[in-house]
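Here is the structure we will look at, set down as C-alpha cells.
So that the names make sense, note that chain A is the first sequence line, chain B the second, and so on, each numbered from 1.
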Amino acid sequence: MERVNDFTLKVATANGTGSASANALLMKAIFRMGAPVMGKNYFPSNIQGLPTWYEIRVTESGDLTRSGEVHFMVAMNAQTFAQDHAEVASGGYLLYDSSWPRVRELNRDDIQVIGVPLAEMVNLEFAEVRTRILMKNIAYVGALAGLLDLDMAVIEASLKETFGERKAKLVEANMRAAELGYSYTKEHYECPLPLRVRRTNLTEGHIVINGNTTAALGAMFAGATVGAWYPITPSTSLMDAFKGFCERYRRNDDGEREFLVLQAEDELAAIGMVMGAGWMGARAFTPTSGPGISLMNEFISFGYYTEIPAVLFDIQRVGPSTGMPTRTQQADLMECAYAGHGDTRHLCLYPADPGEAFELTVSAFDLAEHFQTPVFVVSDLDIGMNEWMVPALKWDERYRPDRGKLLSADELKQLPGRFGRYLDPDNDGIPFRTLPGVHPAGAFFTRGSGHSKHGSYTEDAAEYQEVMDRLKRKFDTARSHVPRPVIECVHDAGGGGKKTAGKPRPTRCGIVTLGSCDVAVREARKTLRAGGTELDYCRVRAFPFNEQVERFLREHDTVFVVEQNRDAQFRNMLLMETGVDRRKLVSILHYNGLPIASSHVEEAVLTYLDQGQVA
Amino acid sequence: MERVNDFTLKVATANGTGSASANALLMKAIFRMGAPVMGKNYFPSNIQGLPTWYEIRVTESGDLTRSGEVHFMVAMNAQTFAQDHAEVASGGYLLYDSSWPRVRELNRDDIQVIGVPLAEMVNLEFAEVRTRILMKNIAYVGALAGLLDLDMAVIEASLKETFGERKAKLVEANMRAAELGYSYTKEHYECPLPLRVRRTNLTEGHIVINGNTTAALGAMFAGATVGAWYPITPSTSLMDAFKGFCERYRRNDDGEREFLVLQAEDELAAIGMVMGAGWMGARAFTPTSGPGISLMNEFISFGYYTEIPAVLFDIQRVGPSTGMPTRTQQADLMECAYAGHGDTRHLCLYPADPGEAFELTVSAFDLAEHFQTPVFVVSDLDIGMNEWMVPALKWDERYRPDRGKLLSADELKQLPGRFGRYLDPDNDGIPFRTLPGVHPAGAFFTRGSGHSKHGSYTEDAAEYQEVMDRLKRKFDTARSHVPRPVIECVHDAGGGGKKTAGKPRPTRCGIVTLGSCDVAVREARKTLRAGGTELDYCRVRAFPFNEQVERFLREHDTVFVVEQNRDAQFRNMLLMETGVDRRKLVSILHYNGLPIASSHVEEAVLTYLDQGQVA
Amino acid sequence: MTYMKKPAVHHSGLPANELGYTVRDYEGGMSTLCAGCGHDSITAALIQACWELDIEPHNVAKMSGIGCSSKTPAYFLSQAHGINAVHGRMPSIATGANAANQDLHFIGVSGDGDSLSIGFGQFAHAIRRNVNMLYLIENNGVYGLTKGQFSASADVGSRAKGGVVNEQPPIEPVLTALSLGCTFVARSFSGDKEQLVTLIKAGLRHRGFAMIDVISPCVAFNDHEGSTKSYAHTREFHHPAIHTDFIEPKEEIRVEYARGASMPVELHDGSTIVLRKVDVDHDPTDRARAFGYLERHREAGEIVTGLLYLEEEAADLHAHNRTAPGSLVNARPRDDQAAILEEIQTRYR
Amino acid sequence: MTYMKKPAVHHSGLPANELGYTVRDYEGGMSTLCAGCGHDSITAALIQACWELDIEPHNVAKMSGIGCSSKTPAYFLSQAHGINAVHGRMPSIATGANAANQDLHFIGVSGDGDSLSIGFGQFAHAIRRNVNMLYLIENNGVYGLTKGQFSASADVGSRAKGGVVNEQPPIEPVLTALSLGCTFVARSFSGDKEQLVTLIKAGLRHRGFAMIDVISPCVAFNDHEGSTKSYAHTREFHHPAIHTDFIEPKEEIRVEYARGASMPVELHDGSTIVLRKVDVDHDPTDRARAFGYLERHREAGEIVTGLLYLEEEAADLHAHNRTAPGSLVNARPRDDQAAILEEIQTRYR
Ligand SMILES: Cc1ncc(C[n+]2csc(CCOP(=O)(O)OP(=O)(O)O)c2C)c(N)n1
Ligand SMILES: Cc1ncc(C[n+]2csc(CCOP(=O)(O)OP(=O)(O)O)c2C)c(N)n1
Ligand code: SF4
Ligand code: SF4
Ligand SMILES: [Mg+2]
Ligand SMILES: [Mg+2]
C-alpha cells in the first residue's frame, strides 16, 4: 500500500528486553524528520518477559490518535505472533525475525511478510548475551530505517545524545547493530517501501513528551515545595520527574534543597502530609491513581470541610480495584468529583494532552489556594505515560502564585476584633485564611468536626448549617473561575464544511467530551465532516461545569457524550449538574483499556445517525 | 393549653448525669399507659458535662415524628436555660429546679413556669453525692408523673424490671425520689395539667426499640457468624447488641461460640475481615458510619469486582469529615451507591424505622449471597440510636438463607470440564461460586486485578470488557429482585381525601423519599390532605431503583423529593438512574443534624404550591 | 452547644517568664473532659513546660487525631494554630506540616487508640523519619470517646468495666518505638507532674522525634479495680528507672552532676539533659540493653518510667533532606524561569 | 495476554507422598517473575514443604497482597483457592477467612512493601490476634513491582541502583514481631532452601501466627554492589543462630537430641521441633534475651537466621474466642427462632 507519512506501525516484543528504548529511538527519528508522530506503549504489569506492544502512528495530517488500524507490524514475540499476524490491515506489512522459521500455517496473501535474520546477524556480531538481546532491538530499528527510508544520520545523532561523549563506545556498537538491519533490508528488499516516511517540517516548535513529565514541570513552576506520594502505576513517573527537576533547579547556592519530597508509607499518609503542608501554607501535592484516591477519601472529605488547599493528581488506570494497572481509562470521574462521605464536591481539571497537563497543573495550584480546597487534576495513563507531540511549553515571567485571601502579620495586627476563619466577608463564599506561626491574632483551631463560622466547635444545628451553606456558595463562585471549555462551532472549526456567516449559528448536532478523548474526537469530526456530517464540539476542561457548557448543551438538540468508562460517568455528571434534557444525550463509551480510537467515535456517530441508537 | 396524649415534652440536662435512664423510664411509662410515643435523644460528642436534650412526643394519632414544636420543657441545665426557655411554644409549660432562683430577666407571659425544688428535696433525702445527682433525675420524673397524670405504679413496675429482685433497695430509693417530685407537684400545682397523658390501648402489639438493636437481631437471625468492626458513633451499639444476643443464643451445648466478632484495628481491616470471611463462605458484616465507608472504598471496589458477598451498615451521621458524630443526616447516599474507584455500583437498602431495619437486614444477607456482591444497609443515627415504637417483630420458621449459586462438592465432582468462576451460564449476569476447602475442582484464584471469565489473570481488552459487561447485566438483574418501594396513592391512603373509584388513578402531585424521612412525610401528607392538598407517596427502599419507581415518577408531573442532605443526593440518583424529567422534581432538603420534622415538609410543599419554589 | 472560651481574667499576681508571659497566656479553651481525667493533668504539664521554656505561643503548631486525648490541644496555647486530623492520621499531618516549616515547635497529642490501632502505621513511619516533634500518647488502655472498648495497649489480664478480660498482647509504645529506631523514648504518668514537665521540656528541645508514652487513667471507663491502667495500679507499679534533669543553656550545670551514675547529654540548642540512673542495669544509650531491660520489667508487670532511650546525634527529617534553612511556605517566584523551561525542553525536541 | 497454565505433564517417575501425590501436584501456574528472582525459590520451598507434610492441596487457603511477591500464590498449589487482597491488606483477609473456617491451612505471602509500609498496621494486629497461619515476608528491601523504590526494610547505608543511599532506620520484621508478641518468629534466606523448607514445615504446624522473614533478593532492582539485600551480601553476612529440625509424629525422635544445647518442642499435632543452638548466648524461648541478642547482631550488620523465638502454648484467635469446633461457614438455621425472637422482645414491651 502506498502510504507516505500516514501509517501506523506496531512493534510486538517482550518487556524487560530493552525494546522500549529502541522504540523511543524509532519514534524520535521520525519526529526529527519533521513528520508528526503518535506513540502508544501497551506494556504488562510485570517487570520481565511478558508481551508488550508499541504503536507508532506517522500522521502528516496531525491526527495524534489511534486510527484503529495497523499497517506495519514488527512481530518480534513468538508468544503473540499469531494475534499480531492477524492484526495487520489488508495490504499491510509484517516484519519478523527470520533466524528461525515462522509458524507455517499462518499465511495471508493480503499482506507482505518481510523476514530479517536479526538474531542471527546480531549473534555473529556480538558475544555477550545481554548485549545480543539489546542489539537485536536496535537491529530492527535499522531494518525499518531501510524499509521506511529513515535517515540513519538522525538515528546516530539521537544515540549520541542519549549516551553522550563518555559512552561513545555504546553509540558505535548501537550503530553497528542498526547498520546490520539497514543494509540487510536495503540488500534484500525493494527500499523504500511504498509505505514510508518523507522528510518534512511539520514538527517545528514541537516537543515529544509525556503528561507526567509536564505535570511535574507545572508543579515546580507553580511553586510546589512539598510533594508526598506512594508509588503506584501510572503515577510514579510524575514524582520521579518532579524530584529530578527540583534536584537541578530548586536548590540554593549551597546546594541545599528548597523542596521536600516524602515517599509516604501509603496513600492515606501521602494525602495527610499534603494536608499538613497545605495547612502550614506550602503548595503541596500528591500524584496517585484510582486505588489511591479510594484510600484518600476520608482525608479528602476532611480537606473539603476544613478548607485546606491541596492538589491531587489522579492518573487514571483501568478499574475497578487493582484492575489493569498498565491500561488506560476515565473511570474515576465521579470518584474524584464527589470523593468522601457527607456532602462534598471538588474542583476537577481535565487536561487533554501533556501540553495542557502543564497549564492546568499551574491552574490547579492557584485554584486550590484561591478556593482553599482540594483540587484534582484528572489525567490518565494515556496522557501521563505515553509520548505525545505537543507545541513547546511557554512560561510567562509575570506569573505570580495566587495565594488567595491570605492574611499577613500586618493585616492581622490591624484586624478589628476577633479573627473568624469561616466568615464570608465578600459574599463569594470564600473566607480569609491564616497560617501557623504568623501572628497570634490569626490563631484558630482547624477541625473536621462541626464548627461555627468562627471555627469554634459546634453541635448547633444553625451554626453547622451556616458553614455548609457558605461552602455551597463557594463552589458556585468557582463555577465562573475554573477554565472554560474549548468550543468549536462548525463555522470556525476550519477547513471544509458548510460556512455560516457571522456569529456561530447553533447547528443541530454536538459532541461533548473531556480529557484524552479529545484527539480521537477531533479526527472523527474531521472525517465525519468530509462525509458531510457536521458536529459542533465542546471539550469540558473543569468541574464545576461553567455556563458555556450549559449553553452548548442548550443550543444543540443531539449531543454525543464521548468518554472512556462503562457507566457513562461524565454523562451522569452532566445530568446532575446542568439543566440538560436527558433525551439529547447520546453516550459513546469505550472502556477496554486501550486509548479510544477515532474510528470508534466515527462509527458510533454514524450508526446512531442512521439507526437512532449506538451499537 | 389543652393537649391530651398529643404534645411534645423536652428535657434539657447535662450528659453523664444519668438523665438518660430517667428519660427512658418516662417514655416507657407513657408507652405502657397505651399512648404512642416518639423519643429523640440529642446528645453531645463527649462523655460528661455537656448539654443534652431528650424529646418525647406523645401522639395518640400515631405520628411518630418530630412535630417541630415543644409544649413542655423540663429545663434542668442552667447553661442552656435561656435557649430552652425561648423554645417553648406559646401557651406551653416550663419546669425548672427552683432550689435556686432562675434568671429573672427571662420572662414570658405566654407560657406557664413551674418551679420544683428538686435539688433541695433530693439533698435532704439522700447523702451521697453521686446518688443525689442520679435521684434528682428520678425526682423530675416523679414531678412530671404528678403534672401529666402518669401512673406511679407503672413507673414502679418498670423500675423493678430494670433493677430486678437483687437490687430491690435501688427500686425503693428511686421510688422515694420519684415520690418527692410527685407529691410536691400534687401539692403545689393544679394536677393534672390540661396538657397530660390519658390511659389508652394504642400500643398493644408494639415494642419500643432502636434500629441498631433490630439490625443486630436481623443479622443473627439471618445466620451471620462473623462480624468485624471498629467502634464509631452511631454504629457502635449495633455490634454491642449483636454480641450480646449471640452470647446468649449462639453458643453450642458446651457453651462454645458459634460466632466470632472481631474488633478490628480500623475500618480498612474491618471490611478486609468481612471480605475474607465472605470469600470463605460465611455470612459476615461490618457496621460503621461515613468516615468508615470512606476508608473502606478501596476494599468495596475490590468486593464489587471480585464478587464477594458482604453486608455493610452505614449508620449515617452528620458529615463531611468527623462532622457531628451525634447528629443525624442522609448524606452518604451517593458514597454508598458508588463507593470505590472505577466503574462500580452497589445494592443499597433504605430502612425507614427499626422494624424495617430488621427485615431489610435479613434481605441484605440474602441479596449479598444471591448477587455475590457487597450490599449496604443505609440507616442513620435517628433510626439506629433513637427509641422507636414499632409493631413487634415476627419470624417465619420456614426462612432458609439464600446462598445463591453455590456449587457443592458433589456438583463439582460431576462438573463437565473446567470450572469458570465468572461465566454467565444463566444469562442473568450471575456466575457460579465455589468455596475454599470444598473440592479441588472448584479451585480458582480471586483477584482484584484484571481477570477473564475463567478467573485467570488478563490484560486483554476483550476478556476484561466481557467481565465488566456481565457485571452490568448482573446489576440489571438485581433491579427486579430488590425490595419494591412502598407506594400509596390517594385513593388507598386511608382516611380523608377524595376517593377515586377502581384502580389507582394517577394524581398530579407526588412525593418521593427514603429512610427515616418516612414518618415526617406521612404526617405532612395527612395534614396537607386535611388542608385539601393530596399527594401520592412513593418511599424507595432499595437501589437499584426498580420499575415501580420509574412508573411513579412517570405518572406524576410534580414530584417532591424529600431527603436529609444538602446536595440533593437522592434526587441526583433519580436523575442518573431513571428516565425522569428533571423539571418534575422539587427538592425538599433538611440537613442541620436534627431529624426532619413534619412541619418542615408541610411548609416546603405549601410554599412551593403557591410560590412555585421551595423557600 | 458551642466551644467555651475561658474568660481571660488577668491574674497580675502571677510570675512572668522571659517573654513576660504568665502561665495563663499558655492556656486554652475550657476542657470538656470528665472531671479527674488524666488527660487534663497532661494538658497542665504542657502549659507549664512551654511557659518554663519561654516558648512564643504562636510559634507552636498543635496537632492531634480524634479521641478525648486528641481534644486536648484545644485546651492549651490558644494563641497557637491547632489542628485535629482525622482519627489516627496526625503523624502524617505533622510530617507534612514539619516538612513545610521547620521553624516552629511541633506538639502532637494522641491516644492509645489513635496511635496504636488505626494510626499504628503512621506512628511507626513518623518515628522512622525522625520528624522533629514532641509526640505524646495519652495512654489509658481504652477508647474513651467511644465509651470504653479495649485499645491495643490494654495489658493481658486487664479487666474491662463490663468484666471482660483482655487476652491479646499489648502494643508497648516504648518497646515498639525502640524497635523502630526512635531517638527519644520516654514513659511517664499523668499523676507525676514533676517528671512529666521535665520530660516534656527535654522532648521539646530534642531535635527529632520525642515520644512520651504517658499513662493517663480514664476515670469513666478504665479506673476500676482489675484495670492495669487505673490510678491505683499505676501508682503501685510505676517504677522510675531514670531520673532526668533538664538544664537550659542559661543556667549552668551544678557540680555534683559530674560524677556517679549520672550522664549529661548536650542538646543542639545548648541545653543539657542529665540522666541519673535509678536502676544501674539500665543504660539509656544502649538500645540492645534497653530492649532486654524493658522487656524484663514488662514481664514483671512493672511500669518503668523516665527517659528510657536517647540518641541525640541522629539526623531528623530535614537533615536527611538537606533542606535549606527556613520554611518552604513561600514559594519564591524567580525571574529566570522562562529560560529554564526552554533549557529543559531541549531534550524533548 | 492471559495467565499461563503449565502443561500438566505427568512425570510418573517422581516419588509420591502419603496421599499419593507427587511434588508436581503441588505446583501452580507458570511464574511471570524475573529469571533469578528470590521469590521463585521461596515458591519452590513452599511446594516442597506442603508435599512433605502430606497436605491435601485443596485444604489450603493461599492469600497475598499486591506486589511481585504477592503474585506467587498463583504459582503453587493450583488445586487450592487463592486470593490477592488489595495492597497491604492480606492480614485482614486472612483474619476473616481464618475466623470463618479454622479447619484449613492458611498460607499468607507478602512483601516488605506490602507488610511494612502500607500494611504495617494490619501485619501488627494479625500478630496480636495470633491468627493461626504461616506468614511469609519475601523481603528484598525494595518495591519490585513498582520498579525499585526503597521499602521500609531497606537498611541504613544500603545503596539503590540509582545511587541514592537510604538513611532511615529499617523496620526489622523479626524485632517488630517479637515486640508485638508474635509466637513464632523466624528469618531465612531464599538461597538456603534446606533451612527454608524446614522452617515452613514448622510454621505450618505451629498453632498460631508463624512469621518467617525471608531475605529474597530482587535481581532487577536490588541485587547490585552496595545493596544489603543482594545475594552476595546476604550470603556473606547471614548467620544461622539456631539449627531447626522438624520431626513429624510418624518418625520418632532420634536419641542424640536429648542432650546438649538442643531443645525439643512438641507441637499440638504431636510433631516436634528440635532447636539446636548454634550461638549459645541466644535462647529462643526467652523474649527479653532474644531482643538483646537480635539487636546486637543487627547493629553488627549480621543477618541472624533460624527459628529465633517460639512460644507454643499461647492461645490463637479461636482459642481466645472459644469457638465451637468446625467452620462457621454454614449458618445452621434452627427451628426455635420464632420463639426466641418472642422471648427477646419481652424486654422492649
Ligand atoms: C475513621 C474513624 N473511625 C472511628 C472513629 C470513632 N472514634 C473516635 S475516638 C476513637 C478512639 C479514641 O481512643 P483513644 O485514641 O485511645 O482516645 P481516648 O478517647 O481514649 O483518649 C474512635 C474509635 C472515628 N472518629 N473515625
Ligand atoms: C493502594 C495501592 N497503592 C500502590 C500500589 C502500587 N504497588 C503495587 S506493588 C507495590 C509495592 C510492592 O512491594 P513489595 O510488597 O515489597 O513487593 P515486591 O514487588 O518487592 O515483591 C506497590 C507500591 C497498589 N497496587 N495499590
Ligand atoms: S471518657 Fe475517659 S478519657 Fe474521655 S474524658 Fe472521660 S475520663 Fe477522659
Ligand atoms: S522485579 Fe524484582 S521482585 Fe519483581 S520479579 Fe523481578 S526480581 Fe522479582
Ligand atoms: Mg485511649
Ligand atoms: Mg519488596
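- Heavy atoms closer than 4.5 Å to chain D are found in both the backbone and the side chain of C/Ala152.
- A 6.0 Å sphere centred on CZ of C/Arg128 holds more than 12 heavy atoms belonging to other residues, nucleotides or ligands.
- For the pair D/Phe120 and C/Ala124, the tightest heavy-atom approach, listed with the atom from each and the gap, is CE2-CB, 3.5 Å.
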>> Apply side-chain contact (heavy atoms from CB on, under 4.5 Å) to residues D/Leu180 and C/Ile171 and explain how you reach the verdict.
In response: CA-CA 6 Å; D/Leu180 294 166; C/Ile171 296 183; 3.7 Å; yes
> Is there a side-chain contact (heavy atoms from CB on, under 4.5 Å) between D/Arg296 and C/Arg287 once you walk through the steps?
Replying inline: CA-CA 9 Å; D/Arg296 284 244 175 287; C/Arg287 184 181 279 115; over 6 Å; no
>> Determine whether C/Phe291 and D/Leu294 satisfy the following criterion, side-chain contact (heavy atoms from CB on, under 4.5 Å), listing intermediate values before the conclusion.
In response: CA-CA 10 Å; C/Phe291 269 124; D/Leu294 292 170; over 6 Å; no
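- The pair C/Glu167-D/Arg129 does not meet the salt-bridge criterion, since no charged nitrogen lies less than 4.0 angstrom from a carboxylate oxygen.
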>> Quick one, D/Glu295 with C/Arg289, criterion side-chain contact (heavy atoms from CB on, under 4.5 Å). Give me CA distance, side-chain angles, the key distance, then yes/no.
In response: CA-CA 9 Å; D/Glu295 175 61 16; C/Arg289 283 184 61 187; over 6 Å; no
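- Side-chain atoms of C/His125 come within 3.5 Å of backbone atoms of D/Leu116 as a donor-acceptor pair (strictly under, hydrogens ignored).
- For C/Asp286, the part sitting under 4.5 Å from any heavy atom of chain D is the side chain, from C-beta outward, and nothing else.
- Neither the backbone nor the side chain of C/Gln122 comes within less than 4.5 Å of any heavy atom in chain D.
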